[in-house]
Number of protein chains: 2
Amino acid sequence: MTQRIYNFSAGPAVLPEAVIQEAKDNMLSLGDTGVGVMEHSHRGPALTAVFEEAEALCRQIANIPDNYHVLFLQGGASSQFAMIPQNFLADDQTADYLVTGSWSKKAVKEAKLFGNVHTVCSSEDTTFNYIPKDRNYSDNPRYVHFTSNNTIYGTQFATEPESPNGAPLICDASSDIFSRPIDVTKYGLIYAGAQKNLGPSGVTLVIIRDDLVQQGKEGLPSMHMYRTHADAKSCFNTPPAFGIYMMKLVFQWILDRGGLEGVAETNARKAGKLYDYLDGSHLFKPTAEKESRSQMNVTFVTGDADLDKEFIAFAQKRDLDALKGHRSIGGMRASIYNAFPEAGVDHLIDVMKEFEATHASAIASDSSEQA
Amino acid sequence: MTQRIYNFSAGPAVLPEAVIQEAKDNMLSLGDTGVGVMEHSHRGPALTAVFEEAEALCRQIANIPDNYHVLFLQGGASSQFAMIPQNFLADDQTADYLVTGSWSKKAVKEAKLFGNVHTVCSSEDTTFNYIPKDRNYSDNPRYVHFTSNNTIYGTQFATEPESPNGAPLICDASSDIFSRPIDVTKYGLIYAGAQKNLGPSGVTLVIIRDDLVQQGKEGLPSMHMYRTHADAKSCFNTPPAFGIYMMKLVFQWILDRGGLEGVAETNARKAGKLYDYLDGSHLFKPTAEKESRSQMNVTFVTGDADLDKEFIAFAQKRDLDALKGHRSIGGMRASIYNAFPEAGVDHLIDVMKEFEATHASAIASDSSEQA
């Protein structure tokens with residue numbers, strides 16, 4: 001078989017090799033059923049057990065109270081951008097959005113179709129390279145929405161923002177869910193496309209408090225109401241069964257690594273050594289403000305677009321794939337989600353050192369010119 | 001490895017073993033990329049090639065003209081039930097629906113949220129056991145909607161219905177798509193959840209004529225507009241990449257079997273021998289009217305619910321799985337989609353004969369009582 005390389009893709013992203021191996025082993029027969037995992041009826045005993053175990057593991061990982069539903073939906077975060085205001089925001093109401101990147105902006109755009117949007121803060125003035133601390137809420141927001149991690153700009157909320165007057169706090173956690181401990185009770189709704197920390201693309205995890213489900217508007221299309229999916233335990237129609245199965249395996253993998261505390265420790269160490277190197281480098285510069293740095297997506301540049309390109313090609317030849325930054329900002333991005341192996345971070349640092357050494361003379365002459 | 005058994009599940013359903021095997025081989029590395037099929041960025045070259053090939057194969061199979069878009073969406077047919085009227089039906093307009101089962105009824109329910117629904121025909125009076133020939137259209141329908149195959153009741157349209165005044169014909173083809181040749185030019189829109197004839201659950205194939213895309217309402221949530229997905233070639237957000245990959249493999253598998261003509265011939269033979277046996281049986285009776293019989297889902301009963309149950313258990317012991325009929329009508333259902341092997345149909349017939357023989361005395365005494 002072809003040797004696996006280090007995959008820094010921002011999403012879909014690397015999955016734990018043991019998880020993929022287990023899925024492979026169950027593709028022609030799920031356990032001893034004689035029927036592959038993709039071929040079982042979603043109402044049969046084998047998949048029902050998979051769905052129940054996925055939910056139970058999810059609840060265990062994040063210590064999710066009984067008054068929250070755990071839903072496995074389709075359509076990605078982009079569908080949630082609309083489904084949230086469609087369910088909760090009336091046209092004379094205002095929802096508060098913290099704008100920290102492209103995904104927040106997209107969420108705002110959909111919300112405006114249903115009601116008023118108040119911008120609590122925005123870091124767009126500096127290409128979203130920080131999480132703003134000055135926040136100005138509206139008087140009585142229907143809910144407060146934020147994006148916990150910004151893949152493109154490499155920023156992350158250190159802790160969840162405030163939510164005035166008990167307004168439900170709603171979080172797009174697509175790119176950092178279950179990468180560190182989370183206090184679910186602070187939230188009304190948490191949603192995440194699976195394809196970064198949880199599984200393959202095509203399944204969306206939604207954790208939603210029951211009172212919000214009950215408050216959802218009536219008379220919407222069945223598939224657009226949280227009530228439908230909560231009542232049917234995610235089986236109103238055929239769910240993305242294989243994606244849920246994969247998520248179940250990833251949940252078990254997280255638990256086997258000490259749960260959220262365990263993966264958080266590894267994630268902090270991985271990101272820490274990468275930022276430490278970047279802070280000391282004469283060639284590479286991290287782009288996010290120090291206090292806003294993401295542990296999931298580490299963005300950096302040389303300051304010279306041609307040199308960036310040269311480095312990406314240099315790294316590619318050394319089995320470091322998908323380091324190119326998002327097309328909207330360029331540079332480099334190392335996405336190092338839960339499943340990204342620490343050895344790959346070490347290898348990246350070695351390769352950056354190697355590249356820096358081969359460009360030492362250029363750096364030296366640059367420095368002397370600037371001096 | 002556990003021996004595979006014959007899986008008559010109505011959906012998710014059996015997939016071609018060769019397709020599953022190829023997917024297995026690409027899970028840790030798609031080709032020689034060193035990155036698994038579920039782990040590639042949806043905007044990278046490897047998956048872009050997969051998506052393009054899936055579309056090209058789909059077009060080849062069904063001879064789809066250039067003025068149709070081929071879209072890979074999420075949310076299943078249930079999402080299309082709403083998305084169609086949401087895009088095309090104004091509240092003062094009428095759409096015509098042919099009601100031939102539970103799925104048609106669900107589609108009607110969603111359409112009524114957006115405009116008027118006219119029922120062209122309904123076979124609900126006899127538990128949907130036939131496709132009505134008496135059809136009464138409204139004067140100027142916005143579109144005409146039908147369900148080409150009814151999984152629960154085992155009925156199927158032999159040919160597509162008329163569509164008055166050039167109204168776009170829209171078809172939920174979830175359970176018989178690509179099981180026989182189709183003239184796409186007769187349709188405005190064809191949609192199908194993948195999990196019966198095309199792949200795993202979680203991806204929905206939509207074939208839509210460009211003029212319909214352009215006519216779609218504006219100002220809807222981005223994810224709810226066909227325009228969004230047509231413009232972005234199904235990559236507005238992260239698509240269900242693994243499902244599309246599987247669909248690509250299934251499309252190739254269909255082509256390798258002589259395309260739609262080839263699979264249609266096999267399907268006709270499979271269904272033909274099963275119905276022939278049922279027509280001659282003294283114990284089992286097919287439930288759908290002869291002219292409306294489905295080649296995909298063969299429904300039958302003994303006429304005695306306890307005996308049905310006994311047969312299902314008898315068959316289960318002989319490696320024939322998921323023969324239980326839908327909970328709403330009971331009895332038995334053999335779903336024999338494209339990928340269901342002909343040898344499994346032969347085995348089912350043998351097992352039915354065996355069961356019938358063990359109950360010969362009961363049948364004889366029943367007959368004498370009736371005589």
Side-chain angles (χ1 to χ4, degrees), chain A residues 1-5 7 9-15 17 20-21 23-24 27-29 31-36 38-42 44 74-79 81-82 86 106 109-110 113 193 195 200-203 219-224 236-243 246 319 321-322, chain B residues 1-5 7 9-15 17 20-21 23-24 27-29 31-36 38-42 44 74-79 81-82 86 106 109-110 113 193 195 200-203 219-224 236-243 246 319 321-322:
Chain A
M1 209 200 64
T2 308
Q3 177 77 26
R4 278 168 68 82
I5 60 179
N7 172 20
S9 176
V14 63
L15 292 164
E17 201 167 315
I20 299 178
Q21 191 57 57
K24 274 185 72 168
M27 281 182 81
L28 283 166
S29 174
D32 60 1
T33 61
V35 170
M38 290 182 282
E39 304 169 298
H40 272 284
S41 167
H42 57 298
Q74 295 187 58
S78 294
S79 289
F81 294 166
Q86 189 180 12
K106 287 181 196 220
K109 184 185 167 203
E110 304 299 325
L113 298 172
Q195 67 270 13
S201 63
V203 52
L220 303 176
S222 304
M223 287 292 286
H224 299 175
F236 170 72
N237 70 334
T238 316
F242 182 69
M246 287 293 296
D319 287 343
D321 192 45
Chain B
M1 207 200 63
T2 307
Q3 178 77 27
R4 277 168 69 81
I5 60 177
N7 172 20
S9 175
V14 62
L15 290 163
E17 201 167 313
I20 298 178
Q21 191 57 58
K24 274 185 71 169
M27 280 180 82
L28 282 164
S29 173
D32 61 0
T33 60
V35 171
M38 289 181 282
E39 304 169 298
H40 272 283
S41 166
H42 57 298
Q74 295 187 59
S78 295
S79 289
F81 294 166
Q86 189 180 13
K106 287 181 195 220
K109 184 186 167 201
E110 304 300 324
L113 297 173
Q195 66 271 15
S201 63
V203 50
L220 302 177
S222 304
M223 287 292 285
H224 299 175
F236 171 71
N237 70 332
T238 315
F242 182 69
M246 287 295 295
D319 286 345
D321 192 44

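Labels below follow one simple rule: chain letters A, B, ... track the order of the sequence lines, proteins then strands, and each chain is numbered from 1.
Two residues are said to be in side-chain contact when any heavy atoms from C-beta on lie closer than 4.5 Å; A:V35 and B:I5 meet this criterion. Taking 4.5 Å as the limit, every side-chain heavy atom of B:S79 sits out of range of all side-chain heavy atoms of A:Q74.
With a threshold of 4.5 angstrom between heavy atoms, A:S9 approaches chain B through side-chain atoms but not through N, CA, C or O. For B:D32, the parts lying under 4.5 angstrom from a heavy atom of chain A are both the backbone and the side chain. For a residue to count as touching a neighbouring chain, one of its non-hydrogen atoms must lie under 4.5 Å from one of that chain's; by this rule A:L113 touches chain B with the side chain only. Both the backbone and the side chain of B:A241 come within contact range of chain A, with heavy atoms under 4.5 Å apart.
Between the CD atom in B:E110 and the CG atom in A:L220 there is a gap of 10.0 Å [rounded to 0.5 Å]. Separation of atoms NZ (B:K24) and CE (A:M27) is listed at 8.0 Å; rounding is to 0.5 Å. A distance of 10.0 Å separates OG in B:S41 from CD in A:Q195, rounded to the nearest 0.5 Å. The NZ atom of A:K106 sits 5.5 Å away from the CZ atom of B:F236 when rounded to the nearest 0.5 Å. Annotation: the span from B:S78 atom OG to A:M223 atom CE amounts to 5.5 Å, rounded to 0.5 Å.
Shown here for A:G36 and B:R4, the closest heavy-atom pair between the two residues is N-NH1, 3.8 Å. Between A:T2 and B:G34, the shortest heavy-atom contact is CG2-N, 4.0 Å. In terms of heavy-atom proximity, B:I20 sits nearest to A:E39 at CD1-OE2, 3.4 Å. Residues A:N237 and B:G75 approach most closely at ND2-O, 3.1 Å, considering heavy atoms.
Residues satisfying the ring pair (Phe, Tyr, Trp, His ring centres under 6.0 Å) test with B:H224, not counting sequence neighbours, are A:H224. Taking A:P200 as the reference, A:M246, B:M38 meet the side chain to side chain contact (heavy atoms under 4.5 Å, CB included) condition, with sequence neighbours excluded.
In this structure, the side chain of A:N7 does not engage the main chain of B:H40 through any donor-acceptor pair within 3.5 Å.
Note: A:A13 leads A:A13, A:P240, A:A10 in heavy-atom pairs under 4.5 Å with chain B.
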